[in-house]
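Report on one structure; see the data block that follows.
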Amino acid sequence: MSGPKPTRARFVILSLLAAGTMINYLDRTVMGVAAPSLSRELGLTAAQMGVIFSAFSWSYAAAQIPGGIVLDRIGVKLTYFLSVTIWSGFTLVQGFATGFASLLGCRLGLGLAEAPCFPANSRVLSAWFPQQERARATGVFSVGMYAGIGFLSTLLAWIAGNWGWRVLL
């Protein structure tokens with residue numbers, strides 16, 4: 001057996017990773033639910049919305065390696081804390097966007113802030129799970145990516161319909 005001695009605590013850690021990943025992916029996709037009313041209110045064209053949608057991916061991809069370097073230097077706990085705090089800030093500020101530039105900046109910031117999370121998940125799994133359980137554990141937390149989107153999108157649409165797109169972001 002390679003890796004840490006398995007304890008029941010690893011399942012709590014895994015559930016936290018799955019919940020965090022679910023929130024992480026909801027933050028990425030909520031823009032799709034908000035887009036019709038957001039673009040109408042802010043007067044954004046389809047091309048501008050395309051840029052807004054892709055901005056997250058640009059910064060997320062660009063920050064993967066630097067995010068991994070930060071993770072290696074300062075550790076999982078501080079990296080996760082900073083990532084979640086900063087991404088939460090950008091998520092909050094998105095709701096106050098007044099136009100293309102402010103929304104673009106928020107989406108770029110969100111991508112930068114979320115980038116270290118997947119490398120951090122890998123680090124956490126290697127610390128808490130023996131090697132022969134890591135693939136299964138990865139599968140479990142990966143369910144969070146799509147379970148949130150699949151099961152909560154209707155709720156998000158209802159929220160946007162009742163209270164507006166700013167409440168979602």
Side-chain angles (χ1 to χ4, degrees), residues 1-35 53 55-95 106-163 165-169:
M1 179 168 89
S2 173
K5 180 181 176 195
T7 66
R8 290 186 186 270
R10 73 190 189 281
F11 298 116
V12 173
I13 297 299
L14 184 56
S15 65
L16 291 171
L17 284 179
T21 302
M22 182 184 305
I23 293 166
N24 188 287
Y25 267 69
L26 281 173
D27 274 352
R28 298 173 191 196
T29 60
V30 73
M31 185 64 68
V33 174
F53 279 118
F56 171 87
S57 297
W58 303 333
S59 59
Y60 185 82
Q64 284 294 299
I65 294 172
I69 292 168
V70 167
L71 176 64
D72 286 339
R73 290 204 177 141
I74 67 173
V76 165
K77 290 178 186 176
L78 185 55
T79 300
Y80 251 129
F81 172 78
L82 292 172
S83 181
V84 171
T85 300
I86 295 167
W87 113 43
S88 296
F90 278 112
T91 299
L92 174 69
V93 174
Q94 281 181 121
C106 289
R107 295 303 289 176
L108 290 168
L110 186 62
L112 289 171
E114 285 190 11
C117 290
F118 241 75
N121 288 350
S122 296
R123 175 72 60 87
V124 169
L125 288 182
S126 68
W128 282 90
F129 285 85
Q131 186 173 3
Q132 69 271 16
E133 293 181 10
R134 289 182 196 154
R136 184 176 344 152
T138 299
V140 169
F141 90 75
S142 295
V143 167
M145 290 186 248
Y146 300 103
I149 296 166
F151 296 114
L152 297 175
S153 292
T154 304
L155 174 63
L156 295 175
W158 179 79
I159 291 169
N162 284 294
W163 293 288
W165 66 268
R166 292 182 187 275
V167 174
L168 292 180
L169 306 178

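Note that the structure is a prediction, hence the values are computed from the model and not measured. These numbers come from the heavy atoms of this one structure, side chains and all, not from hydrogens, waters or symmetry mates.
Residues passing the side-chain contact (heavy atoms from CB on, under 4.5 Å) test with Met22, sequence neighbours excluded: Leu26, Ala147, Leu152. Partners of Thr91 according to the side-chain contact (heavy atoms from CB on, under 4.5 Å) rule, which considers only residues two or more places apart in sequence or in another chain, are Asp27, Trp87, Gln94, Leu110. Applying the side-chain hydrogen bond (donor to acceptor under 3.5 Å, both in side chains) criterion to Thr29, with sequence neighbours excluded, gives no partner residue. Take Ser153 and apply the side-chain contact (heavy atoms from CB on, under 4.5 Å) test, not counting sequence neighbours, and it matches Ile149. Applying the side-chain contact (heavy atoms from CB on, under 4.5 Å) test to Leu78 and every residue at least two apart in sequence or in another chain returns Ile74, Phe81, Leu82.
Residues Phe56 and Leu108 fail the side-chain proximity criterion, which asks for heavy atoms closer than 4.5 Å. Between Ile159 and Leu155 there is a side-chain heavy-atom pair separated by less than 4.5 Å. The closest side-chain heavy-atom distance from Trp158 to Trp163 is below 4.5 Å. Counting heavy atoms from C-beta outward, Leu17 and Val140 have side chains that stay 4.5 Å or more apart.
Within 6.0 Å of CZ on Phe11 lie more than 12 heavy atoms contributed by other residues, nucleotides or ligands.
Centroid-to-centroid, the aromatic rings of Phe118 and Phe141 come within less than 6.0 Å.
Residue pairs meeting the side-chain hydrogen bond (donor to acceptor under 3.5 Å, both in side chains) criterion with at least one member in residues 62-73, sequence neighbours excluded, are Asp72-Arg123.
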